[in-house]
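Everything numeric here is computed off the predicted structure, so don't read it as measured data. Read the numbers this way: they start at 1 and go in the same order the structure lists the ligands and their atoms. Starting from 1, each residue takes its place in the sequence as its number.
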Amino acid sequence: MATATLSATQLLPLSLPKPSQKPRHAHFPFQSLNHSPRLFSSNGFVSNCSPIQALLNSTPITTEAGSEPEPFTLRQICQSHVPDHVLCKMEELGFVVPTPVQRQALPTLFSGRDCILHAQTGSGKTLTYLLLVFSIVNARRSAVQALIVVPTRELGMQVTKVARMLATKPKEGELEQKSCTVMALLDGGMLMRHKSWLKAEPPTIVVATIGSLCQMLEKHMIKLEAMRVLVIDEVDFMFSSKQVSSLRKLLTSYSSINTRQTVFASASIPQHKIFLDKCIQQKWTKNDTIHVHVNPVEPMPSCLHHRFVICLKNRRHETLLSLLQSDAPQSAIVFVGEQSEKSKKAGNASSATLLINFLKASYEGYSDILLLEEDMNFNSRAASLSEVRQAGSYLLVSTDIAARGLDLPETTHIYNYDLPRTAIDYLHRAGRTGRKPFSDKKCSVTSIIISKERFVLEKYENELMFNCEELIV
Ligand SMILES: Nc1ncnc2c1ncn2[C@@H]1O[C@H](COP(=O)(O)OP(=O)(O)OP(=O)(O)O)[C@@H](O)[C@H]1O
């Protein structure tokens, strides 16, 4: 059985095309680049790209004599694999310089091998697997060729949005490629509409939650015979969820490892060596699956400042209030534990609701404080998230539903109003901050605990290799 784990150093140097007599380039701005129509691409041909490419071609880099060349651009890594219009769109969106996971994983992914993509929260795994998807699918073929499975509707909407932006058809006359269609087949969606769509013309890429997907598979509404790439995002969460049997069925009965490339992604893959062996044994992935583990010694972004406050159990509201008053964060998420079934049955308000009511009455830092929890209906959940995304400044009170995969990159402060249940939950909550392209900002994660919870937090510190500073409020 050939298993492999690649760390950053093992994967380098990359066998990529040389930047052929071009000047090497310095640091590039990610955002606010206006678009101009025709510029020289890195292969020397005229292409319809954003000015980022011009910047790449014109800005000489200043490196110390004898030092290693600067990293390749995403375009250089993807050039012979991903269609040019997708690359142009990618650059227009500000994705020019690869993140470490993109630099390390893309060549492996383009080689066709199955892969376990294991890298920090907010490190750009979504774009990594989407670029693979676009390198494989053929927009002219009317069949589902790529399937991306995600744990929540919210994450599904986010991934769909990025995939649709990358797939956007170039303006009439510029290029003739037919663009890929992306269907979001997510819990809470309108399956009737999807049925008509699937009958009329199957989409190229489907982003699905496992529940909705299996409904469609069981009714033979969706066919996976032409599927060439399968991505399972937040894979550790998916395998520990109630829907694990559907997931196993998808991996082994509804499709076969021989006809697809399989990618499992997450920031946390506990016991990853055992997991890799199991993937191969169970035929979820092929024998030569690669584990791309980026920065294993630093499972969380290094810019995070971890703090804790000890308070009495009945003083949590007031403690959070004084933290908010002293931090005055522009954008923050407060994580609360889920309401127990017993408390729900007794008709009690959830602790998230009680907390929001308290903050609304006593804190004037935000015009609106938003709520996101599992028990809200899908429309209210979507409304909360869209308000958060549109607001320049927000305070979101949420259960762990917002902890997995959600990209709200402006978030600078995380508050654990309730301590997460596991170190992995801590990692994912903390990972809602310190995300690219805002990862240079000073971001903090503050846990409000009672004194007997200190040892639990210490356990998380050891497991995740971070230090927590005590704050006296
Ligand atoms: N090459 C890049 N340059 C600049 N920004 C990037 C690049 N790649 C991704 N990003 C941005 O980084 C942020 C995080 O990316 P993404 O959501 O894919 O993280 P992730 O690794 O999936 O995190 P998580 O494990 O929390 O789901 C997004 O806002 C994305 O737009």
Atoms in ligand 1 flagged as close to L74, the criterion being non-hydrogen separation under 4.0 Å: 1 (N)
Ligand 1 N/O within reach of T126 N/O, cut-off under 3.5 Å: yes
Ring geometry between Y426 and F466 (parallel below 30°, tilted from 30 to 60°, perpendicular above 60°): parallel
Contact atoms of ligand 1, heavy-atom distance to G124 under 4.0 Å: 9 (C), 15 (O), 16 (P), 18 (O), 19 (O), 20 (P), 21 (O)
Minimum side-chain heavy-atom gap L213-L147 below 4.5 Å: yes
Which of the ligand 1 atoms, numbered from 1, are nearer than 4.0 Å to a heavy atom of E234: 27 (O)
Close approach, G122 and ligand 1, non-hydrogen under 4.0 angstrom: yes
Those atoms of ligand 1 less than 4.0 Å from some heavy atom in Q120: 21 (O)
Sub-4.0 Å atoms of ligand 1 with respect to non-hydrogen atoms of S123: 19 (O), 20 (P), 21 (O)
Which segment of H428 sits under 4.0 Å of ligand 1 when only heavy atoms are counted: neither
Residues S268 and H428: side-chain donor-acceptor under 3.5 angstrom: yes
Side chain, backbone, both or neither: D407 near ligand 1, heavy atoms under 4.0 Å: side chain
Donor-acceptor pair between R389 and Q158 side chains, under 3.5 angstrom: yes
For ligand 1, the portion of V97 having any non-hydrogen atom under 4.0 Å away: backbone
Parallel, tilted or perpendicular, as decided by the 30° and 60° cut-offs, for the rings of F275 and F264: tilted
Exercise: do T411 and R432 side chains pair donor with acceptor under 3.5 Å: no
Per-atom contacts, ligand 1 versus R432 - under 4.0 Å to a heavy atom: 26 (O)
Residues, nucleotides or ligands: over 12 heavy atoms within 6.0 Å of Q330 CD: no
Per atom 25 (O) of ligand 1, closest listed option by heavy atom (R404, K125, R435): K125
Non-hydrogen side-chain atoms of M90 and L93 separated by less than 4.5 Å: no
